[in-house]
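See structure below.
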Amino acid sequence: MIRLSVNALLNFHPKAILTAIVLAMTLLGVAAWGSLSLVDYVNTLDRAERGTRQAAAFLEGHADAVLDGGTAALAQVADQLEGGRLEGGGLASLSDRALGSALDEASAASRFGVLSILDADGRTVFGPSIEPDGGTASVLQGADGGPEILHGQVDGRDSILMVRRILGGGGAVEGAVLLALPSSSLHTVLDVFRDGRHSVAGLFRLDGTRLAGVGGAGIGPLPALAPGAESGEGDWTIGGQGGGEGVVIGLKRMRDFPAVAAVALPRAVVLEPWSSRLQHGFAMVGVSVVALFGLGALGWASLRREAAARDALRDANARLEQRVEERTADLRSLNQKLVRALAEKERANQAKARFLSAANHDLRQPFQALRLFHHLLMERLKETRERSIAEKMGEALDSGEKLLHALLEVATLDAGVVRPNIAEVSIATVLDGVAAEFRGLAADKRLDLRVRGCAAMVRTDATLLTRMLGDLLRNAIAYTPAGGVVVGCRRRGQWLRIEVWDTGPGIAAEHLDAIFEDFVQLGNPERDRRRGLGLGLPKVRRKAALLGHAVEVRSRPGQGSVFSVMVPLAASESRTDAAVPAPAGRAEDPAARLILIVEDDPVQSAGMQLLLESWGHDVLVAADGPAALATLRAAPRCPDVILSDFRLPGPLTGAETVTRAAEQEGRPIPGIILTGDTGPERIREAVAAGCRLLHKPVTPDVLRDALNALGAERVPVRQSQSSAA
């Protein structure tokens, strides 16, 4: 009985433990996923609230700037009328002189918008008829003389009405001054919110009535906000009780008017990314749970098979005990062999696991050990045949190490962990180091290696540039059977072209792009490792993209090839080449330039304009290539620099815009191209246009260095046609 109880306990516990583990991991996983989803939900709403508050503050600032001039003009007209000493007789009691002075002020104020003066009965005394929402009675209501803002119509057009009531001597309302600005005056900013995502964006009265903007006609009662205060709500409802649309709204109270700027995003739009992440997470959790239960089922089946095997073994032993005693020893021996075999299998599995783990984490270690043993073996072998075999083994080790190093370098570059150290570098030092490294290799092939010196200073990473030139030079020597290899430099504006010439067999035009792909080797179909791995030029391409340099190749079959690297000159080199004395009599600061910004994103364009103007530069702004050319035709002088995004709306890219501008002005214009594309084709297009290429995001220090590197060339003011005549 005791033995049966112990067996039952052993059979029960593993299955119970396995079931408990599966359930516990499932519950923990679901709980963790639910907690992360809830935190993500809250963070998504918080980010949306901050974004709408910032957008509302931006809209309020623009509206305040638009209404600011009208506010002052409105106050001047009202002060003139109240200064005429109204004594309860209304506007009719004013003297002709006082009324005439007030009308003069009203005429002057009309330049800010449509201005009208109403008497106490709501009749128009001066200016065109303005139709406020709610009638003229809504204008004359109230006893204070502070400014108010309403919505109305002027000649059938929606307008924002700024109201200032005229108070008599006893404090009674004797009339009102209205200044109407068309709602379209805010479209410059409101068009940004016409993207189909925003429910509401515009100016609203404190009772929620819309004055100007996009979206619904109202947003409901507003909370009490002090002038200039901000508020954000994540559960606002627009469209009535019960059936309204839930939105995330940001509010900013105007300082001079009882109105707020409001920007609202539908909660469905805000939570759309979160919902997508929730669905993906749910799918992953579902797959994980299914996989976990599948593993549990496999474990349960394994336990059942183990229990069945144990029961079968016990039954076999019971039957064997009943057999002849002389076979008992043989059966016992067979059981012992089975136990030993299982133990050996377990030890073999453990050894294999340790081996795979060591090979995975220390792949370089065996190569180092083999290299050491190979060196010791070469010292002890004396016979020629045995040394030849050992040398073959060394060649195999060299091939494996080269492949390992090349793959590791490619993987490191692709992973983005290499951070270049950009500094001013003497190109002569780099070329001397490369030449010293490869003179022996060239001499072994009886090739003439010549390096033409250059005293230029460039901005680059000396180590990466040296490796790039080393790969190009190694490739040239490997594929040049006779003749020589020449390394030289050429100045090209703000760039230095470093060229590697060889007298090899050349490359067909259809293969020029393919040679920069991984493991591509021309003329080596048998994949002879002694002729390289096909990773040299791909590594050059990756390092060039990392440094922002351009790599080009020209070749003619049977005549050789030329590989070139375009490296930017240092700031001192650029100023020496590009500086031109300013015309006599100019008192203008030589550091201040006229810069044309070509950017279709209004937020980025505004930010770039503010940054450049804070540095003392004059700035022109255009949204695309044709607009930039039109701006140049109207500018007083040719810009010193064109700062453009690469991808622009319309038919022209940023590089093409710089080229067209130079053709239109009849002189080269320095250009800086901004792009988030690190492809070599972008670099080649920018270099072809004579532009400097910067990859987004660009810090102010990098942009300042780029502007300084372009030199301080100034262009005289364009003469007018009358002066030229």
Side-chain angles (χ1 to χ4, degrees), residues 11-56 193 195-200 230-239 241-251 263-307 349-350 352-354 356-361 411-412 414-417 419 676 696-697:
N11 290 335
F12 171 77
H13 275 184
K15 296 178 182 179
I17 292 173
L18 179 62
T19 302
I21 290 175
V22 171
L23 292 177
M25 293 182 66
T26 301
L27 293 176
L28 288 175
V30 172
W33 170 70
S35 300
L36 291 176
S37 298
L38 179 60
V39 172
D40 187 22
Y41 175 84
V42 175
N43 290 338
T44 300
L45 289 179
D46 288 344
R47 288 194 298 271
E49 291 179 17
R50 290 195 297 270
T52 55
R53 283 199 299 269
Q54 293 173 358
F193 302 98
D195 55 0
R197 292 171 56 86
H198 292 80
S199 292
V200 168
E230 297 181 0
S231 176
E233 298 289 345
D235 55 356
W236 198 275
T237 301
I238 295 178
Q241 298 292 335
E245 177 187 22
V247 298
V248 177
I249 192 169
L251 306 173
V263 175
L265 280 170
R267 287 171 62 91
V269 174
V270 172
L271 296 176
E272 182 177 341
W274 174 82
S275 299
S276 177
R277 293 191 294 270
L278 184 68
Q279 293 175 2
H280 293 163
F282 183 78
M284 293 180 63
V285 169
V287 172
S288 301
V289 170
V290 171
L292 187 60
F293 275 96
L295 292 175
L298 292 176
W300 189 276
S302 178
L303 290 175
R304 291 186 60 184
R305 288 193 297 270
E306 183 180 352
N349 288 335
Q350 294 177 358
K352 182 175 66 174
R354 288 193 299 270
L356 292 177
S357 176
N360 183 49
H361 292 87
T412 303
D414 288 340
V417 298
R419 295 292 183 267
K696 295 180 180 179

Worksheet item: Quick one: does S302's side chain have a donor or acceptor within less than 3.5 Å of a partner on L298's backbone?
Response: no

Discussion item. Strictly distance-based, threshold 3.5 Å: is any side-chain N or O of W274 a donor or acceptor partner for the main-chain N or O of S37?
Written reply: yes

Worksheet item: Can you name the closest pair of heavy atoms from E233 and E49 and give their distance?
Response: C-OE2, 4.0 Å

Worksheet entry | R50 CZ to E230 CD distance, which is reported to the nearest 0.5 Å | 13.0 Å

Worksheet item: Once you round to the nearest 0.5 Å, how far does CG of L265 lie from CG of L45?
Response: 11.0 Å

Worksheet item: Which of parallel (below 30°), tilted (30 to 60°) and perpendicular (above 60°) describes F282 and W33?
Response: tilted

Fill in: Closest contact, heavy atoms only, T52 versus V263
CB-O, 3.6 Å

Discussion item. Suppose the criterion is salt bridge (charged side-chain N to carboxylate O under 4.0 Å, His left out): which pairs have a residue in residues 25-43, not counting sequence neighbours?
Written reply: D40-R277

Discussion item. By the salt bridge (charged side-chain N to carboxylate O under 4.0 Å, His left out) test, which pairs, at least two apart or in different chains, include something from residues 21-31?
Written reply: none

Worksheet item: So, do V200 and V247 sit near enough that their side-chain heavy atoms are less than 4.5 Å apart?
Response: no

Fill in: Residue pairs involving residues 279-296 (criterion side-chain hydrogen bond (donor to acceptor under 3.5 Å, both in side chains); sequence neighbours excluded)
none

Worksheet item: Should V270 and T44 be marked as a side chain to side chain contact (heavy atoms under 4.5 Å, CB included) after you check the CA-CA gap, both sets of side-chain angles, and the distance that decides it?
Response: CA-CA 7 Å; V270 172; T44 300; 4.0 Å; yes

Practice prompt. In sequence, state the C-alpha distance, the side-chain angles, and the governing distance for W236 and V248, and then conclude on side chain to side chain contact (heavy atoms under 4.5 Å, CB included).
Written response: CA-CA 6 Å; W236 198 275; V248 177; over 6 Å; no

Discussion item. I want to check something: taking the side chain as every heavy atom from C-beta on, are L278 and Y41 in contact at a cut-off of under 4.5 Å?
Written reply: no

Fill in: For A56 against G250, the heavy-atom pair lying closest together
CB-O, 3.4 Å

